[in-house]
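Both ligands and their constituent atoms are indexed starting at 1 by order of listing. Basis for what follows: all heavy atoms, side chains included, without hydrogens, waters or symmetry-related copies.
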Amino acid sequence: MCRLVSWMALAISISKLSFAALPSNLQGGTDFSLVPNRFIIEIDTAANIPSKRSFERRHDAIYSALRERGIKLKVDREFDSADLFTGAAVTLKSSDDVAVVLNTPGIKAIRPVVLIPRPIPASVKAVTDKSDPAVPKTPQSTHIMTGVDKLHAEGLTGKGVKIGIIDTGIDYTHPALGGAFGPGNKVAGGYDIVGDAYDGFNTPVPDSDPLDQCNGHGTFVAGIIGANPGNAFDIVGVAPGATLSSYRIFGCAGGASDDVIVEALLRGYKDGQDILSLSLGSPFGWTTSTIAVLASRIARTGKVVTLSVGNAGEAGSWYSGAPADAIDGISVASVENSVLLVQKLIVGGVANDPGVLYYSTLPLNIPGTLPIYPLSNDTTIANDACSALPASTPNLSGFVVIVRRGTCSFVTKLQNIQAKGANYALIYDNGSGFSPIDVGTWAGKASLIRESDGVFLVEQWKAGAPVTVTFPQVGGSTGLPAPDGGLLSPFSSWGPTNDFYFKPSLAAPGGNILSIVPKGGFSVQSGTSFSTPFVAGAAALLLEAKGKRPDVGRSARTLFQSSAKYVPSSYTDGGPLQSAIGQGAGLINVYDAVHATTILSKTELVLNDTANFKPVQTFQVTNAGKKAKQYSLFNIPAGTALTFLPNTPFIAPGPVPLSPTGATASISPQSFSLRPGQSREVTVQFTPPKGLDATTFPVFSGFIQVSTPSEVSVHASYIGSVGSLKSVKILDTSTRVLPYKMPSILDSKGLVQEVATNYTFSPNDYPTLLARQLFATPLIRMDLVDPNIKIDTNVKRALHGPHHGGHHPWFSFPFHAGKGGGSFSKVKIVGALLEAEYLSRNDEILGPTGQPYRTVDFTKAIFANGTTIPNGQYRILLRALKVTGDKRKQKDYETWLSPIIGVQVPAN
Ligand SMILES: *[C@@H]1O[C@H](CO)[C@@H](O)[C@H](O)[C@H]1NC(C)=O
Ligand SMILES: *[C@@H]1O[C@H](CO)[C@@H](O)[C@H](O)[C@H]1NC(C)=O
Ligand SMILES: *[C@@H]1O[C@H](CO)[C@@H](O)[C@H](O)[C@H]1NC(C)=O
Ligand SMILES: *[C@@H]1O[C@H](CO)[C@@H](O)[C@H](O)[C@H]1NC(C)=O
Ligand SMILES: *[C@@H]1O[C@H](CO)[C@@H](O)[C@H](O)[C@H]1NC(C)=O
Ligand SMILES: *[C@@H]1O[C@H](CO)[C@@H](O)[C@H](O)[C@H]1NC(C)=O
């Protein structure tokens with residue numbers, strides 16, 4: 001079946017320069033971009049390639065067929081994995097050739113090459129280098145949270161299991177990774193597919209050494225999976241016995257085009273990796289991207305593929321990342337570490353050192369023992385050091401200055417004390433705060449201490465004690481319980497996918513994670529990039545325990561999901577459990593997964609939306625233990641996610657508001673017993689929650705818990721919505737993001753076109769379509785129609801608008817939809833201008849990484865197939881298909897009609 005998957009076609013990067021006239025907060029980048037004229041073609045089986053001559057390779061038969069059709073193409077990279085993916089990454093002379101390629105028999109699909117941004121951690125708190133001295137052992141808090149410590153105690157380390165990491169490379173010279181590369185070492189293999197200088201657009205320069213000393217992301221990931229014990233921080237990987245391979249697809253800067261990620265996946269598969277881990281991607285929300293499709297195919301062969309759900313939690317629901325949307329992959333959300341690493345200083349000159357902690361992962365760089373100098377004897381002063389210090393203040397260079405928090409910024413306070421020669425400071429809180437603070441250029445020389453400790457120091461000093469402080473460079477590290485430990489990280493992206501797949505699959509620790517960085521260093525970073533390798537390591541323990549077999553690989557997600565632990569939405573009494581579209585099935589518990597003796601056949605119960613509601617769900621419960629068991633089943637509802645702002649068409653930003661009202665479920669049978677080896681089918685009939693505000697598009701979720709006395713329970717998770725996706729508005733007609741309504745046509749001056757206008761389609765005179773998607777769409781079409789067309793449009797056009805700053809190259813894509821009849825194809829068009837499939841929504845919340853709207857420049861008077869548009873009068877018909885809509889039905893589209901556009905190309 002021929003299929004044009006051009007889902008990112010409309011998401012091409014908006015040039016920042018051309019937006020000079022727009023408010024600065026709108027001069028954003030983009031979540032995905034296309035690499036100009038580059039495509040990935042997928043080639044069908046030999047039987048489906050008609051050919052006059054015989055070719056040894058399917059590739060050559062296709063190239064020959066394309067050449068016969070006049071297509072000039074440059075082959076950038078070939079894929080030849082018979083069972084997974086046969087095709088090539090190619091550069092075409094023009095994107096106008098796509099239609100011809102698509103209609104060439106033997107071409108299965110053509111998708112634009114997409115740029116995947118380099119992963120940026122949600123936060124990076126501290127870095128150090130090789131010279132940093134050792135600090136004492138800290139508890140492996142993330143292992144304790146997830147039962148990994150207990151598996152290590154049983155001797156499981158992932159030995160014999162091969163894990164491929166697709167990332168920025170690995171600095172294997174780090175002692176914690178064994179210090180060497182090649183067979184027999186921890187980092188035993190892999191490949192540098194791109195080279196240091198690669199940025200996603202230039203030509204990759206591959207070599208066989210995937211060393212990364214310029215970026216560090218992949219090294220941090222590798223440390224989470226495989227760090228050897230005995231290092232400075234005593235970090236231990238989840239699977240320190242596993243063998244790692246590094247497939248380097250990012251250079252030192254920039255992104256990676258997805259064809260190199262396809263190559264990495266195929267190489268990893270060919271090299272026999274048991275597990276592939278990808279901490280990369282962008283918000284997307286569809287299961288259809290090239291990498292997601294391939295990752296899913298690899299997972300179906302019995303390999304485990306772990307993928308980060310993304311760091312777009314701020315942007316709210318329906319925004320899970322690609323390729324984490326891979327249907328059979330494990331999409332990983334993040335919870336916060338239960339322990340924060342802080343430092344302890346030594347107080348001298350007092351009878352009893354109270355044990356003052358300061359908020360820093362690494363020791364402050366303050367040598368020796370120094371006296372303190374409190375700026376005020378009043379421990380309630382509101383504006384300490386907010387203005388220039390009095391002339392009477394001594395030279396503070398020999399002191400650690402004690403300042404109270406409040407009124408002005410930390411940086412202001414530090415500037416004022418710096419004017420008096422100060423080099424070091426401790427700021428004590430003005431309440432119960434204890435968290436990292438921004439000290440600007442004073443990093444490493446100033447930190448926050450708790451209020452009680454600050455008061456103690458000042459009181460002792462006032463009383464005449466010769467108070468001193470010492471900052472141990474070794475041995476000062478200590479763990480502090482994190483107030484949000486075990487809760488969903490605010491940055492963790494929310495699902496489900498737009499086609500209602502259960503994403504994220506589950507959660508693992510990814511907030512405040514200590515791991516290694518290149519050149520012998522350590523740091524604390526946050527992101528779903530770091531919860532993902534945790535699950536890869538967990539899968540290695542599972543494969544070691546149960547055997548490296550495809551059936552074990554295929555069962556990994558189900559086992560991890562059934563044994564995961566519910567994540568609360570907060571620690572305040574009465575808060576509901578976190579929604580399953582944020583936490584997935586819960587926080588992974590690897591020990592319980594490995595030792596589970598109750599097996600569920602299905603752990604994701606998708607009830608889908610109201611129009612496609614599947615209220616009756618069934619799954620099998622199997623007693624895989626050695627003793628007979630008595631089971632009881634319960635519905636444990638989670639908070640219902642209110643995914644839109646009430647009475648608006650706008651997505652609710654994260655943290656997604658929750659209602660405690662969940663679905664009810666009638667479970668049959670509710671209790672039963674099973675002998676060892678016996679199974680029983682369970683049927684659950686769900687009733688959605690009632691009384692919720694339907695305008696918030698509530699997504700309910702929860703868990704069907706299967707409990708046995710004296711054993712940990714297991715569960716299947718469910719998600720469903722109150723409301724139909726087909727009713728969700730797609731095209732924005734509000735002034736929320738731009739100060740005029742959309743959609744609209746912008747004329748050559750960048751003004752909203754309000755009356756019939758002729759264009760010459762010269763470089764300075766062509767129309768631009770401006771639109772903004774509030775929600776995803778499976779298909780957008782732009783067609784040229786007769787100016788007098790009679791058609792019901794359900795989107796009113798914008799009437800007024802201020803100046804708009806220019807023109808922006810977008811993307812014009814050939815069309816193929818609307819085949820097969822139906823009311824869509826009955827709308828009489830003159831010709832197609834553009835079609836794009838599987839678009840994510842426009843996002844205004846994420847700032848520079850989001851993309852608040854889109855524009856299409858019609859720079860040439862040509863149809864999508866490259867044929868010239870005859871001079872004349874037309875309108876542009878814009879149609880956006882509703883999610884779950886039928887593309888053959890005109891009423892399933894949102895439709896907008898432009899003012900009259902005259903094509904007046906001068907003859908020459
Ligand atoms: C502490 O200082 C901050 C910053 O000036 C201020 O917002 C806050 O209200 C103060 N808290 C107390 C308890 O005074
Ligand atoms: C404080 O003393 C140090 C060391 O003697 C000197 O370098 C610095 O200039 C002095 N600063 C001020 C503001 O007096
Ligand atoms: C604070 O107390 C100390 C010790 O009693 C005294 O030397 C100093 O002058 C006091 N400072 C102020 C600003 O009152
Ligand atoms: C939900 O329903 C839609 C419409 O029928 C369908 O396309 C989609 O695949 C369903 N989702 C799942 C996960 O079954
Ligand atoms: C556009 O061009 C056509 C054909 O030359 C002409 O009839 C029409 O008046 C022009 N429209 C405008 C608005 O200039
Ligand atoms: C291209 O599309 C136009 C408008 O639909 C049509 O008239 C023309 O015949 C097409 N050209 C080719 C080469 O298919």
Side-chain donor or acceptor of E459 paired with backbone N/O of L457 under 3.5 Å: no
Sub-4.0 Å heavy-atom contact, A419 with ligand 2: yes
Just distance, no hydrogens or angles: give the donor-acceptor pairs under 3.5 Å from side chains in residues 401-410, sequence neighbours left out.
{"unit_1": "R404", "atom_1": "NE", "unit_2": "T379", "atom_2": "O", "d": "3.1"}
{"unit_1": "R404", "atom_1": "NH1", "unit_2": "T380", "atom_2": "O", "d": "3.3"}
{"unit_1": "R404", "atom_1": "NH1", "unit_2": "I381", "atom_2": "O", "d": "2.7"}
{"unit_1": "R404", "atom_1": "NH2", "unit_2": "E451", "atom_2": "OE2", "d": "3.4"}
{"unit_1": "R405", "atom_1": "NH1", "unit_2": "D429", "atom_2": "OD1", "d": "2.5"}
{"unit_1": "T407", "atom_1": "OG1", "unit_2": "A382", "atom_2": "O", "d": "2.8"}
{"unit_1": "S409", "atom_1": "OG", "unit_2": "V411", "atom_2": "N", "d": "3.4"}
{"unit_1": "S409", "atom_1": "OG", "unit_2": "T412", "atom_2": "N", "d": "3.1"}
{"unit_1": "S409", "atom_1": "OG", "unit_2": "T412", "atom_2": "OG1", "d": "2.8"}

Interfacing atoms of ligand 6 (cut-off 4.0 Å, heavy-atom, T867): 1 (C), 10 (C), 11 (N), 12 (C), 13 (C)
Element-labelled atoms of ligand 6 that are located less than 4.0 Å from some non-hydrogen atom of G831: 4 (C), 5 (O)
Sub-4.0 Å heavy-atom approach of V830 to ligand 6: yes
Over 12 non-hydrogen atoms of neighbours within 6.0 angstrom of NZ in K445: yes
Non-neighbouring partners of P371 that pass side chain to side chain contact (heavy atoms under 4.5 Å, CB included), sequence neighbours left out: F399
Distance flag, aromatic centroids of Y358 and F471, threshold under 6.0 Å: yes
W461 ring center within less than 6.0 Å of Y373 ring center: yes
First-shell residues of ligand 5 [heavy atom, distance under 4.0 Å]: A756, N758, Q873, Q904
Short N or O distance, N395 and ligand 2, threshold 3.5 Å exclusive: yes
T86: which of E78, E42, R58 passes side chain to side chain donor-acceptor pair (under 3.5 Å): R58
Pair listing, side-chain hydrogen bond (donor to acceptor under 3.5 Å, both in side chains) test, anchored in residues 866-878, at least two apart: N758-Q873, N865-T867
